Amino acid sequence: MFPGQLYKTESGRLFHAGAIAIIFVGLPARGKTHVSRSLSRYLRWLGVQTKVFSVGNYRRQIIGVEVTNDFFSPANTATADLRMRIANACLDDMILWFAKGGQVGILDGSNTTEERRKELVDRFKAANIHYLFIESICDNPEIIDANIRSVKVSSPDYVGWKDVDAVNDFKRRIDNHLPFYKTITDPDLSYVKLINVGEKIIVNNVRGFLQSKIVYYLTNLHISPRKIYFARNGVSLNEQSYRADAPLAPAGHRYAENLKNFLLTLRENQNRALSGSSNNSDDSPRPLTVWTSSRKRSFQTAAHFLDHEEIIVRQRSVLSERNPGVCDQMTAEEIERKYPDELIRAQKDPYRHRFPRAESYYDLANRLEKVILELEREKNDVLIISHESVIRCLYGYIFGLSEQDIPSLEIPEHTLMELTPAAYRTEETRHIIPDALAGVNWQLQADTFLSLAGKVPASPMIGHYLSEDASRRGRGDVIETTPSPLPSSPANAVGGTSRNNNDDNAGNSSQHNYPDESGTEFRL
């Protein structure tokens, strides 16, 4: 099963929806590949058997990447038969996949002529497959240019090309298609038109629960460049208790300040380098938004960003960690002694098992669907500060991981995870956060940030949050917390670690119309 899958069926198909063919329509550089892979990732997360069939991938496999831009022109009669054989080979495999039980197949291609679209409808109707066209229309030159630069330059077609040559070649490819492109006008067809990738959406003749869920997802989607950062919250005064909801320890505040300083410096250096190498307005610095949960240790970690008035910090209760239930404050040995049968079940299915009155990773993943949709909609750069269980689920969604992979994902402490989504892959770089504030007394500084947050007590009763052993050492005494060893210089940052979620075949990637949950925003 997939991380967000609600139930199983004998056929493997969900929501009583049958088989659905999603057919993309549009000129090159209109975001079709980006949208198709993003849609596939979301549907697979929900448990829908989904696969992307890319005509471009079939062409690369059959004849390679060494083709001139006029190969794609509908006016080129010399290549017409070969182009049709490639397109039909992709279509035949897609229909065969449906016959084996696939539910949503996504045909990623141009399909710009009425004749070709009619052929596709006839083929799918003959196989008893529902269809839905998604046409991506873009008349904004800035969006088109940005898509060419950010997507097509990294396309397999242009490996080893200079950026300027790749851009010019692809623009000529677009010009070859323009005279033959016909937008969808038949009111009897089921279609969605995406105008400028999210600015406007037109829906026609769309019926069914799963089709409506797809449309709702598309209303939240965009292809604008942005970054997503993940960081764990700082250490609290009582790491063993969920119910205590303890505030940050002094070492946690020190980590939070180091995180803030490192990230802002990293972004400043990246923006400086970008502005020096590009004159494009699309490459201008994007605002940073910080998302965190309402748990004290997470919010107080994020509160350190509140002294920058341009940064918005948003609390989201759905970003809270898993509830451990009856296992709260228990060691592994105590759990094994008191709940041996439950422990065996948890070891067999660590993703879906829940201890009494607890949450499983499955429960958490379904709770996070609202955040996933908002994350798709967000155009600012986003830093998510939360517990490692939450980061595991969101990370698993972005990279299309299975439910078996998520519980064992390593989310290291004192590490900033930087993700850059794109059409063909999501690049990841992990940075070790250096400790540049070792000489600061964070026991004295903690009240400043708690007061700044204005959301938690400025002077909590320390003894209330201490474990029994710590209480014996003297209730109310100043506690010295020794942090984990940290590198002394940003030079130790781990760079270049890239995880590729390129799911050309979407086999290895990995609605209820929920109202937007209004998070709490804080500004100075």
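Keep in mind the model is a prediction, meaning the values are calculated, not measured.
- Side-chain contact between V371 and W291: present, with at least one pair of heavy atoms (C-beta onward) separated by less than 4.5 Å.
- Heavy-atom minimum distance, R123 versus D92: NH2-OD1, 2.9 Å.
- When side chains are defined from C-beta on, N111 does not count as touching F133, because their heavy atoms never get closer than 4.5 Å.
- With respect to E369 and K213, a salt bridge is recorded, a charged nitrogen being found less than 4.0 Å from a carboxylate O.
- A donor-acceptor contact shorter than 3.5 Å links the side chain of R367 to the backbone of S320.
- Ion pair K162/D169 not flagged as a salt bridge, since none of the NZ, NE, NH1 or NH2 atoms sits closer than 4.0 Å to an Asp/Glu carboxylate oxygen.
- The only member of E418, Q270, E427 that meets side-chain hydrogen bond (donor to acceptor under 3.5 Å, both in side chains) when paired with K227 is E418.
- Under the rule for a ring pair (Phe, Tyr, Trp, His ring centres under 6.0 Å), H177 has no partner lying at least two apart in sequence or in another chain.
- N220 places no side-chain N or O within 3.5 Å of a backbone atom of E374 that could act as its donor or acceptor partner.
- Put simply, CG on L107 and CG on D93 are 11.5 Å apart, with the number rounded to the nearest 0.5 Å.
- Residues H353 and Q347 have side chains that never bring a donor and an acceptor to within less than 3.5 angstrom of each other.
- The only member of R37, K51, K32 that meets salt bridge (charged side-chain N to carboxylate O under 4.0 Å, His left out) when paired with D108 is R37.
- Y131 and F124 have their aromatic ring centers separated by at least 6.0 angstrom.
- With 3.5 Å as the limit, one finds no donor-acceptor pair spanning the side chains of K182 and T113.
- Taken to the nearest 0.5 Å, the OG1 atom of T50 stands 9.0 Å off from the CD1 atom of I20.
- Residues Y181 and I137 are in side-chain contact: their nearest non-hydrogen atoms beyond the backbone lie under 4.5 Å apart.
- E135 and T183 share a donor-acceptor pair across their side chains, judged by distance under 3.5 Å alone.
- Remark: R295 is positioned above the aromatic ring of Y242, its terminal NZ or CZ atom under 6.0 angstrom from the ring centre and at most 45 degrees off the axis.
- By the 4.0 Å N-to-carboxylate-O rule, K118 lies too far from E115 to be salt-bridged with it.
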